[in-house]
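Written below as structure tokens is the structure these notes are about.
Model, not experiment: these values are computed from the prediction. Numbered from 1 within each chain, the chains take letters A, B, ... in sequence-line order.
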Amino acid sequence: MPEMLEVETYRRLAEAALHRTIVEVDAPDPWFLKGGATADVVVGAVLGRRFVEARRRGKLLLLDLADGPTLGIRFGMTGVLEVDGAPGEELVYSSRRRDPAWVRFGVGFSDGGALVVRDARRLGGVELEPDEERLGVDAAAVSRRQLSDLLVGSRAPLKARLMDQDRMAGLGNLLTDELLWRAGIDPARPAGELSPTEVRRLHANLVRTLAVLGERGGSHTGDLQASRERGGRCPKDGAELLRRTIGGRTTYSCPLHQR
DNA sequence: ATTGTGGCCTGCCCGC
DNA sequence: TGCGGGCAGGCCACAA
């Protein structure tokens, strides 16, 4: 999906949709409704109300309805948010096409505008009252101590642990590869085996990576990104990058400086 | 409980 | 041009 940086962009975009009365709900795809919701239930919850707050936790966008439930939106890998026809982000792995069939959910406002979710692959979804607390602390707000605590005692690969949304929410495949490449730590290392020095380095690089890539415009703007392909070379030292599957995801790392 | 695997669903790109 | 295979920034259910 869009990782947390993209969802944060969506969140800011969604602020333009606040305080506008919803007069129309488009939920054409039952598959896209999660948590047992049906089109009727969503219509009943949303119609006639207004969004009053746009929040984010990890990759989950939360839109609070006045005197109503919270609408949660997940974007899967290819979901895009649009408000009044303007897309929030161009996703690297998502088509630039705007096929009307890809609209999986939308609400129309009394002033004629609309908030729309497009998702070609249908891996995202919309849910009423999502369980926010199941998600771990947002990666943009994690303290060094919290980071240390969520790694300690784990023998899962570091990368898998960092992407475990129940422990820390927000990091996806690209951000995690970039982060570990910057921090100079092997993604396959057991999470609990990092030294205090390495945890400190990891945290500093997390803060910096989110800041820099956020500034540049998204998860795909990392220094490693251009080399994330078969045969790609490390931008730091020129070594051929390792391509492995870690935590179920394609992982690129430098065999020289990531130890 | 933790960790690993497969599957979901669809579009695109590459090579033949 | 057509077709099959592989791949994709996420998440969930399930198995060991």
Closest-nucleotide ordering on DNA chain C, the 5'-leading residue of A:Tyr252 and A:Gln165: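 The residue closer to the strand's 5' end, by nearest nucleotide, is A:Tyr252.
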
Rounded distance (Å) that lies between atom [atom2] of [N] and atom [atom1] of [X]:
{"X": "A:Asn173", "N": "C:dC7", "atom1": "CG", "atom2": "P", "result": "14 Å"}
{"X": "A:Met163", "N": "B:dG4", "atom1": "CE", "atom2": "P", "result": "11 Å"}
{"X": "A:Asp164", "N": "C:dC11", "atom1": "CG", "atom2": "P", "result": "11 Å"}

Can you identify which nucleotide, out of B:dG11, C:dC11, C:dC7, has its nearest atom closest to the A:Trp102 side chain?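 Given the options B:dG11, C:dC11, C:dC7, the side chain of A:Trp102 is closest to B:dG11.
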
Starting from the 5' end of DNA chain B, give me the residue, A:Arg104 or A:Arg161, whose nearest nucleotide shows up first.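 Closest to the 5' end, via its nearest nucleotide, is A:Arg161.
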
Salt bridge (Lys or Arg N to Asp or Glu O under 4.0 Å) pairs, two or more places apart, involving residues 207-220 of chain A: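 As it turns out, the salt bridge (Lys or Arg N to Asp or Glu O under 4.0 Å) pairs with a partner in residues 207-220 of chain A, which skip direct neighbours, are A:Arg216-A:Asp223.
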
With a cut-off of 6.0 Å (strictly less than), are more than 12 heavy atoms of other residues, nucleotides or ligands near CZ of A:Arg155?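 Counting neighbours around CZ of A:Arg155, 12 or fewer heavy atoms of other residues, nucleotides or ligands fall under 6.0 Å, so no.
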
So which protein nitrogen or oxygen atoms get under 3.5 Å of nucleotides 5-8 of chain B's nitrogens or oxygens?
none

Please identify each residue that fulfils side-chain contact (heavy atoms from CB on, under 4.5 Å) with [X], with sequence neighbours left out.
{"X": "A:Glu24", "value": "none"}
{"X": "A:Val152", "value": "none"}
{"X": "A:Asp166", "value": "A:Arg134, A:Asp164"}

Among residues 149-157 of chain A, which contact DNA chain B at a heavy-atom distance under 4.0 Å?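 The answer is A:Ser154, A:Arg155, A:Ala156, A:Pro157.
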
Taking salt bridge (Lys or Arg N to Asp or Glu O under 4.0 Å) as the test, write out the residues that go with A:Glu8, two or more places apart.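 For A:Glu8, the residues satisfying salt bridge (Lys or Arg N to Asp or Glu O under 4.0 Å) (neighbours in sequence not counted) are A:Arg11, A:Arg12, A:Arg56.
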
Please name all residues satisfying salt bridge (Lys or Arg N to Asp or Glu O under 4.0 Å) with A:Asp177, sequence neighbours left out, ordered by chain then number.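 If we apply the salt bridge (Lys or Arg N to Asp or Glu O under 4.0 Å) test to A:Asp177, skipping adjacent residues, the hits are A:Lys159, A:Arg228.
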
Please list all pairs passing the ring-ring contact (aromatic ring centres under 6.0 Å, His included) test where one or both residues lie in residues 142-169 of chain A, with sequence neighbours left out.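 As it turns out, there is no ring-ring contact (aromatic ring centres under 6.0 Å, His included) pair with a partner in residues 142-169 of chain A once direct neighbours are skipped.
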
Distances under 3.5 Å between protein N/O atoms and the N/O atoms of nucleotides 12-16 of chain C, please, pair by pair.
{"residue": "C:dC12", "atom": "OP2", "partner": "A:Arg134", "partner atom": "NH2", "Å": "3.3"}

All stems with DNA chain C, defined as three or more consecutive Watson-Crick or G-U pairs under 3.5 Å: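 The stems are B:2-8 with C:10-16, B:10-16 with C:2-8.
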
Output all residues satisfying ring-ring contact (aromatic ring centres under 6.0 Å, His included) with A:His257, sequence neighbours left out; order by chain, then residue number.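 Partners of A:His257 under the ring-ring contact (aromatic ring centres under 6.0 Å, His included) test: A:Trp181.
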
Just to confirm, is there a sub-4.0 Å distance from OP1 or OP2 of C:dA8 to any side-chain nitrogen or oxygen of A:Thr250?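 Checking A:Thr250 against C:dA8: at least one side-chain N or O falls below 4.0 Å of OP1 or OP2.
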
